[in-house]
Student: 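Provided herewith is a single structure, encoded as structure tokens, for subsequent inquiry.
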Amino acid sequence: MFKHNYIYSLRLMLRNKQLVFWTMAFPLIMAMLFNMALSNVESSEKTEPVRIAVVNDDNFKNNQIYKEAFNELSKGDDRVFDIKYTDADNAKKLLSDEEITGYIAFKNFKPEITINRNGIKETIMTYVVNEITCQSNVMIKLAFNKLSDEISNGNYNNIQKIFEEQSQKAFNGEDGIKTVTPKNMSFVMIEYYSLIAMSCMYSGLFTLTLMNYLMANISAVGKRSTVSSARKSGMIFGSFGAAFTIQLFGLLLLYLLLIFGIRADFGSNVPYVILISLLGSAAGLSLGTAIAVLVKKSENAKFTVLIAVVMAGCFLSGMMGITMKNVIDKNAPVLNKINPEAMITDGLYSIYYYNSNERFIVDAVSLVIFSAVMLLISLRGLRRQRYDSI
Amino acid sequence: MTVFNAFLKVIKKNLGTIILYTVIVVFFAAINSRTDDSSTQFVGEKPDVMIVNLDKGTELSGNFEKYLTDNTNKTEISGGDEAVSDALFYREISCVITIPKGYEKTVLEGKTPEIEIKSAGTQNSAFVKNIVSSYIRTQNAFASSGENKAEIIKSVNSALSQKASVAITSKLNTGALTKLANYYIFSSYGLMSCILFIICIVLTSFSETTIRKRTIISSMSYKKFSANLLLSCFTYALAVWILFVVLAYFMMGSIVFTMRGAAFMLNSFIFILTALSLSFMLSTFVPEKNAITGIVNVLTLGSSFLCGVFVPAAILPSWVLSIAKVLPSYWYVDSCNKLAEVENLRSNFMPIVINMGILIGFGIVFAVLGIIVSGKKRKIE
Amino acid sequence: MSDKKVIEVKNLVKEYKELRAVDDISFDVYEKEIFGLLGPNGSGKSTTINSILSLLKYSSGNISIFGKEMTPDAYDIKRDIGVIFQDVAVFQELTVYENIDYFCGLYIRDKKQRKQCIEDAIELVSIGDYKKFYPKQLSGGLLRRLNIACGIAHKPKLIFLDEPTVAVDPQSRNSILEGIKKLRDDGATIVYTTHYMEEVEQICDRIIIIDKGKIIASGTRENLKKLAKIEERITVEIKKMDKEKLEGFKKLEKVTDVSYEGHTLVVSFSGGKNNIANMIDHLRNNNFSYRRVYSERPTLNDVFLELTGKELRD
């Protein structure tokens, strides 16, 4: 009975165009869309030069320190600024046309910044200018100290040298910073993990369809199956097995696309990735079964309910806004504890980012519990052989 | 009236879907309006930083910490190492600055203390690095020239407090405007889904051969029937639009009804008309109900990804944006972004008007295509 | 007809809240007979069948099939039962052949044996030309034939058919009825429910008539017809009639009822052997100008009408 039902279940699913689309084609399409949209996200995180203008009047021209500083800052590939030297009116126009982030004018040797709004670029600009001011002040103060020492000792020869030394100290000192960037910081990966989760959960559509075929109060073929001498358990296992097979196949395709086509990174722990995929698929299959048994309406209604539940889960696990998952973790963590998609996404995330065991195990066990609960709920409906009304 | 009633019944049946999408939009908007600095925007004047002071109690480290606090958005992350790592990953903080034990001692000895910065590698964290670097170097300069603790603190603070004066020309409340823009942008997903999904289902139901035959031979003229149907569809779309605008008001207050807010409303209204037109076209192209769900989802999600709804347009690669211009959502989102940033609305309204014009153009094209195809289909019968 | 009882139903009751859909029904079905359940829509036929099959929970009663108590997990009994439900139960995604193969496979494991069964079933309902077609492509009649093939492919000894000819063209209907007879001739016992009395009259050996959950009559065709209280009904097309002349007909021998409507005179007789001859004499003697005259025996509809005051097909 198992083999017979297994083979026919496979046929039934593969010939159902709608089913095949949602579970196999849709995730692949989404993967490609994500890739297109997200390919730039992380490269855009690197610094770009800020476009500014400097009012090129006498005030500025006579300001040696700033002139040199700006010159330095706009040289080279990793320069901080792209500077346009122009007159006051033109600078104003450039700003209102949004061609530059801001412009600097000098009054009494002090810089005055005009910007449009508060943003990161504006902050950087302000900061750098302040930095120059600060350092030149430092240099002056230090030089002044040193000079007053020298002069009180009667040394006038080293003025130039002193300035240079202090300048060096002020501008080029060591800062002793040790930067540590953890490995695997590509948070765009969350989108792809969320996609894997969605694909796992959509496998519920398979069991939904197949279970409908086995229940006498839902479909006519269900009646036939129920009055036949075939053991129900054999039929259910056959259906489940077929659904699981197709699901794994679809998931494999998705992984292939993600890993080789899109170069998504799943970390280095392959067995764990496989494990969570299997558990995730089981969760999806059992969800489908539960909906088939619990939702008492038409077949279309069940379909819609499953899709709605899966999409909501996707949203909560970060597919439509990567930070959503984290926000929920902080504000309503219980949601993440019952959302199987969050469990799968988090599991993959922990493999990628932490390479740790504990968090992953929690996710894996949660998935097992979820599947078990769903199946228990369905058991009553599946076992039932006599109905109150048909 | 009969047509309208039938329409209502279809809506009732699919109420779940409508509620789902509305809830998603509301949820997202609510989250967005609470967090002031959502890292999906990458806009913030002060980067979020976590500071760990292992030399607490010493004056020098205290001064350093104060400086950092003044110049960044000091954030506490509770929950241990894992939570901190998560926060870094999700760009909730851009780095963790650790002031080492024995900081003051090292400085007073004239040496450079080692500050560890755990960084997320973003523009924000690079900025933080510069802030720290500046302070340390300044401090070093004074420490190495023999000043004592109090003097160092005084000198460093004095040097660092020399700031250029900053004038901001914008009179806009950019924070609130950005939230409003984000709401409208994200709601395009909800609007598009609600309208596309329901209208397509209704129109395909009505154009199913069996029902269409009944309609054609009924005593209601086909023209009257079509007009009724169209009116019902429009009423529904209008209702959905009003719902979203009202929700906006509940969440963001009176800014929704300012001049600029009105521009947002107009933009989204034109958008729903375009969506209506698109639904009509889709229903003539794809007569099967089952295929519709798939296509609508691909369209709405695809548009939302490629046109800057889920991922900000500023971050999308330029080649993607060129492709996105084929989709109406792109022009809608572009208008929203412009409305949020543009200083002087009156002089800079032209580009937005052009965008709206393009949207209307899309709507007309969809409608015409739909009419042609449906005309052909009627004859094939 | 044999004496062996295949089905024994005793005091079956099925209640839905206040309504008794099946109200204390008892009957037996013997081996190799075609047993008919006749009744209008909503009378409880399908409910009875579903209860017998252990698909429905029933409130009280005893049901045994093949001498054993019928339960949902009586798999040995189920092996020899075939069911054709009112709604077509086939998979849209499988071809005709695959559908029959699937359902037959629920009973018969052996591939070779199954293959033979499938071919036999296809031949029995004559859908050999459509083996590779999908249900979508079949007409209503062909679909029903497929429905039957799926139900009997495993060669069951007891077959239930629940309104199998609803919305079926006459050609298919005939072929179906002939097929059923053949099945019985091959050794099966048939339980046939319908609200079409012509079918019941055509093939059923014994019949029970059900209305509102109760059996109101049972017996063979002939026995039942005797309940009709009319032996013969003669219909004449007459253009002109008046009250007096109408009364004249009532005086004929064994006349129980006379009616005239729409240029048609209908006279019912409770007995008599020469009724037509008498009628024609009367017509001639009274200078009626008439056209067609024909005579009918009572139908089960008449029986039903007699017993319940309503028509079968209300």
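In what follows, chains carry the letters A, B, and so on, assigned in the order in which the sequence lines appear, proteins first and then strands, with residues in each chain numbered from 1. Values below: every heavy atom of this structure, side chains too, minus hydrogens, waters and symmetry copies.
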Student: Inspect the contact between C:Arg114 and C:Asp110 and indicate whether a charged nitrogen and a carboxylate oxygen are less than 4.0 angstrom apart.
Tutor: no
Student: So, for C:Thr194 and C:Glu199, which heavy atoms are closest and what is the spacing to 0.1 Å?
Tutor: OG1-OE1, 3.5 Å
Student: Mark yes or no for whether C:His154, through its side chain, and C:Gly105, through its backbone, hold a donor-acceptor pair below 3.5 Å.
Tutor: no
Student: Could you report the tightest heavy-atom contact between C:Ile25 and C:Val9, atom names first, then the distance?
Tutor: O-CG1, 3.6 Å
Student: So C:Val191 and C:Ile7, do their side chains get closer than 4.5 Å, heavy atoms only?
Tutor: yes
Student: Among residues 121-148 of chain C, which ones touch chain A with a heavy-atom distance under 4.5 Å?
Tutor: C:Tyr134, C:Asn147
Student: Could you list the residues that satisfy ring-ring contact (aromatic ring centres under 6.0 Å, His included) with A:Tyr255, not counting sequence neighbours?
Tutor: A:Phe266
Student: Answer whether the closest heavy-atom distance between the side chains of C:Tyr192 and C:Leu177 falls below 4.5 Å.
Tutor: yes
Student: Report yes if the side chains of C:Lys157 and C:Phe66 come closer than 4.5 Å at any heavy-atom pair, otherwise no.
Tutor: yes
Student: Looking only at the side chains, is there a donor atom on one of C:Ser60 and C:Asn11 sitting less than 3.5 Å from an acceptor on the other?
Tutor: no
Student: What residues of residues 205-216 of chain A sit under 4.5 Å from chain C when you count only heavy atoms?
Tutor: A:Tyr213, A:Ala216
Student: Between C:Tyr16 and C:Thr47, is any side-chain donor less than 3.5 angstrom from a side-chain acceptor?
Tutor: no
Student: Main chain of C:Lys32, side chain of C:Thr189: is a donor-acceptor contact present, judged purely on distance under 3.5 Å?
Tutor: yes
Student: Quick one: which residues of residues 84-96 of chain C reach chain A at under 4.5 angstrom, heavy atoms only?
Tutor: C:Phe85, C:Asp87, C:Val88, C:Ala89, C:Val90, C:Phe91, C:Glu93, C:Leu94, C:Thr95
Student: Given a strict heavy-atom distance threshold of 4.5 Å, which part of C:Asp101 is in contact with chain A: side chain, backbone, both, or neither?
Tutor: both
Student: If I compare all heavy atoms of A:Ser203 with all of A:Cys200, which pair ends up nearest, and what's the gap?
Tutor: OG-O, 2.6 Å
Student: Report the distance from atom OH of A:Tyr8 to atom CZ of C:Phe103, rounding to the nearest 0.5 Å.
Tutor: 10.0 Å
